[in-house]
Amino acid sequence: MLASGRPTNGVLPLAKQLHLEDYGSYILSFNGARITDCRNKQVIYNKTLPGDILEPLLAILGKYEGIDIVSYTDRHILSGFKPNQYTELESRINDMPIIETADFAAAIKDPVNKFLVTGEPETITKIQQEIKDHFRSYLSVYCSEPFFLEIMPPQVDKAHSLLKLLSSIGLTTNEMICCGDGYNDITMLETAGLGVAMANAQPLVRERADYITKSNDEDGVLHVINEFMR
């Protein structure tokens, strides 16, 4: 299965390439806030952000320069302030165009699974602490990359959603191998029977892993398959 911070439509092209619909596989998108069955495209788990957070969140973010907040439609990335280089990176990663909004709150028509704050790492660190202090357990707030701050519903991360999925299909964590390279992969790697960090992973991610494989560019996941599954 593919577990990603990306929106579902940012993961679907990879799922099609891997023929996941033929193997009874799943997509965990938005860091696990949504789980989709690849066979029938049905959403089997969906957790959205509380509706009352956006106004105070925008008030906090408005104090910082050079940052952006984004959300997602099925086809587009919505930019709340002004797209920066990291918003543009998010657009390229997901192959989804950016729409700049004059009124971000008004542009959010439906409940959303996550907001993403983009900016320079030192600014993101300050924002992360302020948001955590303000919302406390009302939200889950963590970085996927030093320049990506994920604003999630409470108690949502990849590990939490994987546990729900494993339970529903009759498997245990001891039967699960997880591979990852970002900060948002840490809980997943710690939960798995075998947690694997890519060689190109952030240093903290490598520290928390049971095993370090080759890098993304060296077919590190294939190396894990050959080493542990064949």
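Only this structure's heavy atoms are used, side chains among them; waters, hydrogens and symmetry mates stay out. None of the values given here were measured: they were computed from a predicted structure. In this chain, numbering begins with 1 at the start of the sequence shown.
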- Under 3.5 Å, is there a donor-acceptor pair linking the side chains of N200 and D217? no
- Under 4.5 Å between side-chain heavy atoms, hopping through other hydrophobics if needed: is there a path connecting V205 to V221? no
- Item | Note: K158-D185 ion pair, threshold 4.0 Å (strictly below) | yes
- Message: What I want to check is whether the side chains of D37 and Y45 have a donor and an acceptor closer together than 3.5 Å.
- Response: no
- Query: Is the shortest heavy-atom distance from the side chain of P50 to the side chain of Y138 under 4.5 Å?
  - Reply: yes
- Message: Is there a side-chain contact between P121 and Y86 in this structure, where contact means two heavy atoms from C-beta onward sitting under 4.5 Å apart?
- Response: yes
- Item | Main-chain N/O of L163 paired to S167 side chain as donor or acceptor, under 3.5 Å | no
- Item | Matching residue for R34 among I27, L28, V43 - test: side chain to side chain contact (heavy atoms under 4.5 Å, CB included) | V43
- Task: Specify the closest pair of heavy atoms between H160 and D157, including all atoms of both residues, with the distance to one decimal.
- Result: N-OD1, 2.8 Å
- Query: Can you tell if the side chain of M96 reaches within under 4.5 Å of the side chain of H76, non-hydrogen atoms only?
  - Reply: no
- Task: Just do the side chain to side chain contact (heavy atoms under 4.5 Å, CB included) check on I131 and L57 with the steps written out, would you?
- Result: CA-CA 7 Å; I131 291 175; L57 181 60; 3.6 Å; yes
- Qualifying residue, where the test is side chain to side chain contact (heavy atoms under 4.5 Å, CB included) with L78 and the options are T73, V70, V112: T73
- T213 (side chain) donor-acceptor with M198 (main chain) under 3.5 angstrom: no
- Between the side chains of E120 and Y64, does any donor sit under 3.5 Å from an acceptor? no
- Starting from the C-alpha separation in whole Å, work towards a yes-or-no answer on side chain to side chain contact (heavy atoms under 4.5 Å, CB included) for Y23 and C38. CA-CA 9 Å; Y23 298 104; C38 293; over 6 Å; no
- Item | Atom of I124, atom of G119 and distance for their closest heavy-atom approach | CG1-O, 3.5 Å
- Please round to the nearest 0.5 Å and tell me the distance separating atom CD1 of I69 and atom CZ of F81. 6.5 Å
- Kindly indicate whether the side chain of I44, heavy atoms from C-beta on, has any atom under 4.5 Å from the side chain of T36. no
- Would you say S79's side chain and E100's backbone share a donor-acceptor pair under 3.5 angstrom? no
- Query: Under 3.5 Å, is there a donor-acceptor pair between the side chain of K47 and the main chain of P154?
  - Reply: yes
- Item | Side-chain donor-acceptor contact under 3.5 Å, N113 with N46 | yes
- Message: Main chain of L222, side chain of K214: is a donor-acceptor contact present, judged purely on distance under 3.5 Å?
- Response: no
- Query: Is it the case that more than 12 heavy atoms not belonging to D103 sit under 6.0 Å from its CG atom?
  - Reply: yes
- Side chains of K41 and L12 in contact at under 4.5 Å (non-hydrogen atoms): yes
- Given the side-chain rings of Y211 and F228, with only the six-membered ring counted for Trp, is the space between their centroids under 6.0 Å? yes
- Given S215 and E218, is the side chain to side chain donor-acceptor pair (under 3.5 Å) satisfied, shown in steps? CA-CA 5 Å; S215 73; E218 298 171 302; 3.1 Å; yes
- Could you pull out the closest heavy-atom pair between A105 and L54, with the gap in Å? CA-CD2, 3.6 Å
- Query: Do E122 and T125 get their side chains close enough for a donor-acceptor pair, meaning under 3.5 Å?
  - Reply: no
- Message: Do Q85 and F147 have side chains that approach each other closer than 4.5 Å (heavy atoms only, starting at C-beta)?
- Response: no
- State whether E130 and K63 are salt-bridged, where the test is any N-O pair (Lys NZ or Arg NE/NH1/NH2 against Asp/Glu carboxylate O) under 4.0 Å. yes
- Task: List the atom of G193, the atom of D210, and the distance in Å for their closest heavy-atom pair.
- Result: O-OD2, 3.9 Å
- Message: Could you walk me through whether I67 and L149 satisfy the side chain to side chain contact (heavy atoms under 4.5 Å, CB included) test, starting with their C-alpha distance in whole Å, then the side-chain angles of each, then the deciding distance to 0.1 Å, before giving a yes or no?
- Response: CA-CA 11 Å; I67 59 105; L149 182 63; over 6 Å; no
- Note on the structure: Correct closest heavy-atom pair for G80 and T101 would be CA-OG1, 3.8 Å
- Does the ring center of F30 lie less than 6.0 Å from the ring center of Y72? yes
- Item | Hydrophobic cluster identity match, I77 and V11, side-chain contacts under 4.5 Å | no
- Going through the checks in order, is the side chain to side chain contact (heavy atoms under 4.5 Å, CB included) test met by C178 and M188? CA-CA 7 Å; C178 291; M188 176 179 77; 3.3 Å; yes
- Any donor-acceptor pair under 3.5 Å linking the side chain of N40 with the backbone of Q42? yes
- Yes or no on side chain to side chain donor-acceptor pair (under 3.5 Å) for D181 and N216, after CA distance, side-chain angles and deciding distance? CA-CA 9 Å; D181 61 4; N216 291 351; 3.0 Å; yes
- Using only heavy-atom distances, determine whether the side chains of E150 and N31 contain a donor-acceptor pair under 3.5 Å. yes
- Message: Is there a side-chain contact between E21 and H19 in this structure, where contact means two heavy atoms from C-beta onward sitting under 4.5 Å apart?
- Response: yes
- Query: Within the distance-only criterion (no hydrogens, no angle test), does the side chain of S144 pair as donor or acceptor with the backbone N or O of Y183 below 3.5 angstrom?
  - Reply: no
- Message: Between R208 and E190 (salt bridge meaning N to carboxylate O under 4.0 Å), is one present in this structure?
- Response: yes
- Side-chain donor or acceptor of E175 paired with backbone N/O of T172 under 3.5 Å: yes
- Item | D68 (side chain) donor-acceptor with T87 (main chain) under 3.5 angstrom | no
- Query: Does the side chain of M176 come within less than 4.5 Å of L162's, by heavy atoms?
  - Reply: yes
- In short, T191 meets T173 closest at the heavy-atom pair O-CB, 3.4 Å
- Side-chain donor-acceptor pair under 3.5 Å between T118 and N84, yes or no? yes
